[in-house]
2 protein chains.
Amino acid sequence: MTTQRRVLIETMQEAKEHLDVSSLLALARKREPGIDRATVYRTIEKLKKFGLVDELDLMHMNGEKHYYEVKPKRDHVHLACLQCGQVEEFSSPLFEQLKREITEQTGFEILVTRLEVGGRCSVCRNSNKR
Amino acid sequence: MTTQRRVLIETMQEAKEHLDVSSLLALARKREPGIDRATVYRTIEKLKKFGLVDELDLMHMNGEKHYYEVKPKRDHVHLACLQCGQVEEFSSPLFEQLKREITEQTGFEILVTRLEVGGRCSVCRNSNKR
DNA sequence: ATAACTGCAAATCTTTTGCTTACAG
DNA sequence: CTGTAAGCAAAAGATTTGCAGTTAT
């Protein structure tokens, strides 16, 4: 456990929104200026492997980069509005049930899940019909 | 509708597994040798926009590339075995129900969904316990 | 002490773009 | 004809890697 890792983890925990590597790097540098991009990638890799962090694509709304979030207790769906870019989270017992069903019916042991939805959020639907 | 597009679409339809851009390009070139990588990217972009093709990440098992499949009538989950790389598909009324619930409860209009699961398939679980 | 981690720079992989020529409708 | 698409080559964006020096345990 190094200073850099601690800073990166804290930064992610305190973040209000999903961070991509560049944003995470920028925020982390406010605390630990020397920190390098490669360290961010290597740390994320580790954290993913340990199941502490989830990787998101958010339907690649802005290029191909990935976003990261501290793994939540309860998995949730990410609803990405393709119009305004807003991301909502949604969790439901139905999702848990679906996961259970998958394991029961296929024997697949689930380690990570990623359910992303692209579409139009209610705000955009109301402001501009169609 | 150009020859290249026709070839790309046919190639995807006939493919038995999920293709990444390089594989798709290689297969398409067997029919239409001159076809360019950029054309593949541009065509996929169009097809995605028209909702004819879905993009997958398959949990980034092999690098950051994307995979593509002709949009199925019924959405399905992709179960990616992190050990052997096999990808299973799974569909269930529960998934449909979950999507309905999302729309009802959040007012979000769903255009695309991507549910990917990473873990260990039953074969790998049985061959090597633990 | 020593194994693991960092910063730096360069490399790699994937995707995008500008431009000119070619083709479909 | 005329707009859209293709091919080519170069650029951009994201991530990975080799290496030498540093740090955690």
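Quick note on labels: first sequence line is chain A, next is B, and so on, each numbered from 1.
- Within the 4.0 angstrom heavy-atom criterion, only backbone atoms of the sugar-phosphate kind lie near B/Arg5; the bases stay farther away.
- Within residues 49-67 of chain A, the residues approaching DNA chain D are A/Lys65, A/His66, by heavy-atom distance under 4.0 Å.
- When hydrophobic clusters are built by joining Ile, Leu, Val, Met, Phe, Trp and Tyr residues whose side-chain heavy atoms come closer than 4.5 Å, directly or via intermediates, B/Leu79 is grouped together with B/Leu94.
- Within the 4.0 Å cut-off from OP1 or OP2 of C/dA24, not a single side-chain nitrogen or oxygen of B/Thr2 is found.
- When the side-chain nitrogen and oxygen atoms of A/Thr39 are compared with OP1 and OP2 of C/dG7, one or more of them lie within a distance under 4.0 Å.
- For the 3.5 Å distance criterion, the side chains of B/Glu101 and A/Ser92 qualify, holding a donor opposite an acceptor.
- Side-chain nitrogen and oxygen atoms of B/Tyr41 include at least one within less than 4.0 Å of the OP1 or OP2 phosphate oxygen of C/dT15.
- With distances taken from any side-chain atom of B/Tyr68 to the nucleotides C/dT6, D/dA6, C/dT15, the minimum falls on C/dT15.
- Contact annotation: A/Gln4 side-chain N/O to D/dT23 OP1/OP2 distance is not under 4.0 Å.
- Phosphate contact (OP1/OP2 of D/dT4, side-chain N/O of B/Lys46, threshold under 4.0 Å): absent.
- Checking A/Thr43 against B/Thr3, the closest nucleotide of DNA chain C that is more toward the 5' end is the one next to A/Thr43.
- Using a 4.5 Å cut-off between side-chain heavy atoms of Ile, Leu, Val, Met, Phe, Trp and Tyr, A/Val70 falls into a hydrophobic cluster with A/Met1, A/Leu8, A/Ile9, A/Met12, A/Leu19, A/Val21, A/Leu24, A/Leu25, A/Leu27, A/Ile35, A/Val40, A/Tyr41, A/Ile44, A/Leu47, A/Phe50, A/Leu52, A/Val53, A/Tyr68.
- Residues B/Asp20 and B/Ser23 have side chains that bring a donor and an acceptor to within less than 3.5 angstrom of each other.
- Salt bridge B/Asp75/B/Lys99: present, at least one basic N to carboxylate O contact under 4.0 Å.
- Of the candidates B/Arg114, B/Lys71, B/Lys48, B/Lys73, B/Lys71 is the only one forming a salt bridge (charged side-chain N to carboxylate O under 4.0 Å, His left out) with B/Asp54.
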